Amino acid sequence: MKRDQALPASFYRRPAEVVAPDLLGRHLVRELANDRLVVKIVETEAYLGSKDPASHAWKGRRTARNEVLFRAGGSIYVYFVYGMHHCCNVVTGNDGEGDAVLIRAAEPIVGEETMRRARRMRHPARPGDVAGGPAKLCQALDIDLALNGVRLGQGGLQIVFGEPPEADSIVRGPRVGVAYAGEAAEWPLRFAIGGNPHVSRPRL
DNA sequence: CGGAAGATCCACT
DNA sequence: GTGGATCTTCCGA
């Protein structure tokens, strides 16, 4: 079925603000040793590379941590924050630009039991407790720094066609947690599927 | 070489 | 609604 076909490399070679809404509804497939997990992406944020004060690629500054960001689209950029959490991005655009899309939230489709176990929760109080946040998603899907720099389709991570939503059901607003970025904090680069209960807070 | 801050989450009030 | 956990990364001195 088309919905299980990998997105082509050309999909990622576009600006982050174009790829971010287009990733909504896509299925993220995680192959583990003993499990195959599938989630539907319901929330993303675009980071506009060297011209974005909120991006790790701001001013084109390269460090050991963000090197992967400057590749051409199609790689995974994972980083570690707050001493205990990971966040997962898809690198987009062309070589040297630094564009990326942060995967903020997803809805479990296959393997929710395994995800709950990875999250150490028996009964999620609410749907979004499983993968409804960037760090929750990484914990649920066992994504950590070992996947940094891996290309989609390798390392047990792939994104397939999935079930993209109607354009008019997509909502957008300011990004989360980037108050330090001045005017850029208000750029409406956060995208979500309107009304989906797995979208993180604050609700759009 | 030190210190400050971070694309977060959870428990508690 | 607030604060604590916990540690890597980066920049300035």
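Letters A, B, ... mirror the listed sequences (proteins, then strands); counts begin at 1. Everything numeric here is computed off the predicted structure, so don't read it as measured data.
The base of B/dA7 sits with one of its N or O atoms less than 3.5 Å from a complementary donor or acceptor on the side chain of A/Y79.
A/R119 places a side-chain N or O within donor-acceptor distance of the main-chain N or O of A/V130, the cut-off being under 3.5 Å. Here the side chain of A/N196 pairs no donor or acceptor atom with the backbone of A/I193 at under 3.5 angstrom.
As rounded to whole Å, 10 Å separates atom P of B/dC10 from atom CZ of A/R126. One atom, CG of A/L48, and another, P of B/dA7, lie 15 Å apart when rounded to the nearest Å. What separates CG of A/L102 from C1' of B/dT8 is a distance of 11 Å, to the nearest Å. Across the protein-nucleic acid pair, A/R65 atom CZ and B/dA5 atom C1' stand 11 Å apart, rounded to whole Å. The CE-C1' distance, from A/M84 to C/dG3, rounds to 12 Å in whole Å. Rounded to whole Å, atom C1' of C/dG12 lies 12 Å from atom CZ of A/R61. One can place NZ of A/K59 at 10 Å from P of C/dC11, the figure rounded to the nearest angstrom. A/H56 has its NE2 atom 12 Å from the C1' atom of B/dT8, to the nearest Å.
Taking the P atom of each, C/dG1 and B/dA7 are spaced 23 Å apart, rounded to whole Å. For the P atom pair drawn from B/dG2 and C/dT6, the interatomic distance equals 22 Å after rounding to whole Å.
Remark: A/R119 is in phosphate contact with B/dC10, judged by side-chain N or O atoms under 4.0 Å from OP1 or OP2.
Salt bridge A/R117/A/E113: absent, no basic N to carboxylate O contact under 4.0 Å. The existence of a salt bridge linking A/R175 and A/E45 is excluded, since no basic side-chain nitrogen approaches an acidic carboxylate oxygen closer than 4.0 Å.
The local environment of CZ in A/R13 is sparse, with at most 12 non-hydrogen atoms from other residues, nucleotides or ligands closer than 6.0 Å.
In terms of heavy atoms, A/N89 sits closest to A/Y79 at ND2-CE2, 3.4 Å.
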Expected output check: what is the dot-bracket annotation of DNA chain C, where ( ) and [ ] are pairs inside the strand (brackets for crossing ones), | is paired with another strand, and pairs are Watson-Crick or G-U under 3.5 Å? |||||.||||||.
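Note on A/A54: a base of the nucleic acid sits closer than 4.0 angstrom, heavy atoms only. Residue-level contact check: A/F80 touches the backbone only, with heavy atoms under 4.0 Å from sugar-phosphate atoms and none from bases. Residue-level contact check: A/R120 touches neither bases nor backbone, having no heavy atom under 4.0 Å from any strand. As judged by a 4.0 angstrom heavy-atom cut-off over every strand, A/R175 is placed among residues making no nucleic acid contact.
Within residues 177-201 of chain A, the residues having any heavy atom closer than 4.0 Å to DNA chain B are, in order of number, A/G177, A/V178, A/Y180.
If you check B/dC10, C/dC10, C/dT6 against the side chain of A/T63, the one that comes closest is C/dC10. Of the candidate nucleotides B/dC10, B/dT8, C/dC11, B/dC10 has the atom nearest to the side chain of A/K136.
A single hydrophobic cluster is seen to contain both A/L32 and A/L152, as judged by linkage of ILVMFWY side chains at heavy-atom distances under 4.5 Å, directly or through other members. Tracing side-chain contacts under 4.5 Å through hydrophobic residues (I, L, V, M, F, W, Y), one reaches A/L147 starting from A/L23; they form part of the same cluster.
Geometrically, A/R14 engages A/F11 in a cation-pi contact defined by less than 6.0 Å to the ring centre and at most 45° from the axis.
Summary of the strand contacts: A/L145 and A/H85 both lie near DNA chain C, and taking for each the nucleotide with the nearest heavy atom, the more 5' one is attributed to A/H85.
Not less than 6.0 angstrom separates the ring centroid of A/H56 from the ring centroid of A/Y47.
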